[in-house]
Peer 1: 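Let me give you the structure first, and then I'll get to my questions.
Numbers here are sequence positions counted from 1. Computed from heavy atoms alone, side chains included, the values below leave out hydrogens, waters and symmetry copies.
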Amino acid sequence: MMQISDRPQRRLVRIAGWMFTCATAVAVAVIAVDWFSARTASVLIGPLDDQILLSAAVLIASVALVMGFVSVSSPTWMLPFKILGILGAAVAVLGAGFSTLWSVDVTMTTLTDDGCDTGYVVVERSLLMGSRGTVYRQDGPIVASPMARTSGNNAHQPFAEGDYGAAVDGEALIVEYRPDPTGSRVTLELPVIADRQPSCGYANTSLSARPETSEPTEPAEVLTPTEVDAEIRRLLDDSFAVTVGTPIDAAGATIDASAASPNPVPCAEGSGVQHHVDLDFRTDDNARSVTQILGVWDDAGYESDEAMQADIRYSETAPVERMTIRDTTSIDGLVRMTLTSACMSAE
């Protein structure tokens with residue numbers, strides 16, 4: 001049996017025990033929120049999100065284990081186990097310490113539109129020459145829902161530095177930011193949070209996400225429903241050709257891309273119609289299938305975006321204007337995919 005040899009060591013063991021207990025409680029709370037929300041919510045305390053809290057909790061718990069192992073005396077036959085315990089805890093300290101490095105330069109920015117908050121915040125972190133961030137919808141004092149991811153080049157934190165713009169467009173909040181201070185803009189689309197009283201008085205940002213006036217351009221090529229439907233079916237064929245196994249619907253029936261029937265819906269802007277396909281399916285490996293489908297869309301020349309935990313590909317010139325795919329395997333075992341054409345004349 002391990003024994004504690006003197007009073008100072010007993011005090012050190014008690015401190016280590018409290019450190020381990022508190023760190024474990026934080027880790028369990030963070031994991032519980034993530035688990036019971038089906039990964040749609042996480043803990044957010046100021047700029048401390050679930051990644052930072054978990055990394056810090058593991059670091060503190062590992063340090064507490066090292067303190068505990070070192071402070072207790074043990075019989076000779078238990079020394080190998082004690083040494084292994086110390087080494088394991090030390091490795092955990094190094095791993096958690098490296099992960100915590102991402103939290104050294106972390107900022108939280110309130111996402112604003114025309115000087116008023118939108119109900120969203122952006123947590124950004126930098127390490128070396130890269131930075132990345134997460135857009136959260138604030139659901140409560142310490143609970144938030146991750147809605148989109150951001151990135152930056154050369155440790156640039158665009159939201160913390162005000163290098164972004166946001167504007168309401170119907171039921172969507174359009175956010176534009178520059179990953180590189182001198183580069184092109186990236187667009188995010190978030191749902192407007194209704195039934196809330198915004199807080200105003202924030203400084204204006206350096207970009208505007210509102211439409212800019214431009215010189216008249218030549219009329220775009222007129223699309224026909226036949227051309228649009230043919231392109232939709234071609235993209236579906238190419239997408240299902242790379243899935244892992246044969247895609248089937250929720251009832252277990254094989255999905256035939258050639259039999260897909262696009263539905264006409266009103267254009268999001270202006271008059272006319274768009275053809276829309278909405279498919280739910282499962283494969284032998286949903287995660288790999290989603291990755292490979294996104295590769296097909298990227299090879300087809302589409303631009304990438306993210307919103308509402310879905311991957312988006314879009315084009316301003318192709319017959320198919322927008323495609324989304326979302327892996328909901330953890331909820332219902334399905335992949336949800338949509339394809340929407342460019343706007344066409346209703347005649």
Side-chain angles (χ1 to χ4, degrees), residues 34-42 134-137 139 145-149 170-175 187-193 228-229 231-268 273-300 302-315 318-343:
D34 183 73
W35 175 267
F36 288 110
S37 68
R39 303 184 66 85
T40 61
S42 61
T134 304
V135 181
Y136 289 97
R137 183 188 66 210
D139 299 327
S145 298
M147 305 298 291
R149 304 290 181 183
E171 296 183 354
L173 177 68
I174 306 301
V175 181
T187 302
L188 303 176
E189 183 176 327
L190 305 168
V192 173
I193 303 175
V228 165
D229 290 353
E231 181 63 11
I232 288 176
R233 292 191 177 97
R234 185 190 70 79
L235 285 167
L236 286 175
D237 280 332
D238 292 347
S239 299
F240 289 145
V242 299
T243 59
V244 181
T246 303
I248 58 176
D249 61 20
T254 301
I255 294 180
D256 183 2
S258 63
S261 179
N263 298 314
V265 295
C267 292
V273 296
Q274 294 173 289
H275 282 194
H276 178 83
V277 173
D278 195 340
L279 294 173
D280 297 342
F281 60 92
R282 62 167 54 94
T283 67
D284 293 344
D285 187 331
N286 285 350
R288 283 182 56 199
S289 295
V290 168
T291 299
Q292 291 171 182
I293 288 173
L294 289 172
V296 168
W297 295 353
D298 290 337
D299 292 342
Y302 283 84
E303 300 292 331
S304 65
D305 200 355
E306 292 182 354
M308 292 291 291
Q309 300 179 349
D311 289 288
I312 298 172
R313 297 297 184 268
Y314 66 93
S315 171
V320 177
E321 180 180 79
R322 179 184 176 92
M323 300 178 288
T324 70
I325 191 166
R326 181 185 179 193
D327 186 355
T328 59
T329 301
S330 61
I331 300 174
D332 54 17
L334 297 175
V335 174
R336 305 182 185 278
M337 183 167 69
T338 68
L339 286 81
T340 306
S341 76
C343 194

Peer 1: What's the separation between atom CZ in Arg322 and atom NE2 in His276, rounded to the nearest 0.5 Å?
Peer 2: 10.5 Å
Peer 1: About how many Å separate CZ of Arg336 and CZ of Arg326, when rounded to the nearest 0.5 Å?
Peer 2: 7.5 Å
Peer 1: Under the side chain to side chain donor-acceptor pair (under 3.5 Å) rule, what pairs show up with a residue in residues 242-253, not counting sequence neighbours?
Peer 2: none
Peer 1: Would the distance check show the side chain of Gln274 and the main-chain N or O of Ser341 forming a donor-acceptor pair, the cut-off being under 3.5 Å?
Peer 2: yes
Peer 1: Using modelled atom types and a 3.5 Å cut-off, is there a donor and acceptor pairing between side-chain atoms of Gln292 and backbone atoms of Val242?
Peer 2: yes
Peer 1: Who passes ring pair (Phe, Tyr, Trp, His ring centres under 6.0 Å) against Phe281, sequence neighbours left out?
Peer 2: Phe240
Peer 1: How long is the span from the CG atom in Asn263 to the CG atom in Asp278, to the nearest 0.5 Å?
Peer 2: 9.0 Å
Peer 1: Give the minimum heavy-atom separation between Cys267 and Val273, together with the two atoms involved.
Peer 2: SG-N, 3.3 Å
Peer 1: Quick one about Ser239 and Trp297 (side-chain donor to acceptor, distance below 3.5 Å, no hydrogens or angles considered), yes or no?
Peer 2: yes
Peer 1: Residues two or more places apart in sequence or in another chain: which of them pass ring pair (Phe, Tyr, Trp, His ring centres under 6.0 Å) with Tyr314?
Peer 2: none
Peer 1: Any side-chain heavy atom of Pro262 sitting closer than 4.5 Å to one from Arg233?
Peer 2: yes
Peer 1: Once rounded to the nearest 0.5 Å, what's the spacing between atom CG of Asp237 and atom CD1 of Ile232?
Peer 2: 12.0 Å
Peer 1: Indicate whether any N or O donor in one side chain lies under 3.5 Å from an N or O acceptor in the other, for Thr324 and Thr338.
Peer 2: yes
Peer 1: Under the side-chain contact (heavy atoms from CB on, under 4.5 Å) rule, what do Ile174 and Glu189 come out as? Steps first, then yes or no, please.
Peer 2: CA-CA 5 Å; Ile174 306 301; Glu189 183 176 327; 3.9 Å; yes
Peer 1: Using the rule given for side-chain contact (heavy atoms from CB on, under 4.5 Å), can you reason through Val335 versus Thr283, listing the C-alpha separation, both sets of side-chain angles and the distance that settles it, and then say yes or no?
Peer 2: CA-CA 8 Å; Val335 174; Thr283 67; 5.6 Å; no
Peer 1: With distance as the sole test, does Ser289 use its side chain to make a donor-acceptor pair with the main-chain N or O of Val244 at under 3.5 Å?
Peer 2: yes
Peer 1: Is it true that the side chains of Ser145 and Arg137 contain a donor and an acceptor less than 3.5 Å apart?
Peer 2: yes
Peer 1: Kindly compute the distance separating CZ (Arg282) from OG1 (Thr329), expressed to the nearest 0.5 Å.
Peer 2: 9.0 Å
Peer 1: CG/Leu188 to CG/Leu173 distance, rounded to the nearest 0.5 angstrom?
Peer 2: 9.5 Å
Peer 1: Report yes if the side chains of Pro264 and His275 come closer than 4.5 Å at any heavy-atom pair, otherwise no.
Peer 2: yes
Peer 1: Could you walk me through whether Leu236 and Met337 satisfy the side-chain contact (heavy atoms from CB on, under 4.5 Å) test, starting with their C-alpha distance in whole Å, then the side-chain angles of each, then the deciding distance to 0.1 Å, before giving a yes or no?
Peer 2: CA-CA 10 Å; Leu236 286 175; Met337 183 167 69; 3.7 Å; yes
Peer 1: I'd like to know if the side chain of Tyr302 and the backbone of Val320 have a donor-acceptor N/O pair within less than 3.5 Å.
Peer 2: yes
Peer 1: Side chains of Glu306 and Asp311, heavy atoms from C-beta outward: is any pair under 4.5 Å?
Peer 2: yes
Peer 1: Can Arg234 and Asp238 be counted as an ion pair, charged N to O under 4.0 angstrom?
Peer 2: yes
Peer 1: Looking at Ser330 and Ala38, what are the two nearest heavy atoms and their distance?
Peer 2: OG-O, 4.4 Å
Peer 1: Answer with yes or no whether the side chains of Arg149 and Thr134 bring together a donor and an acceptor at under 3.5 Å.
Peer 2: yes
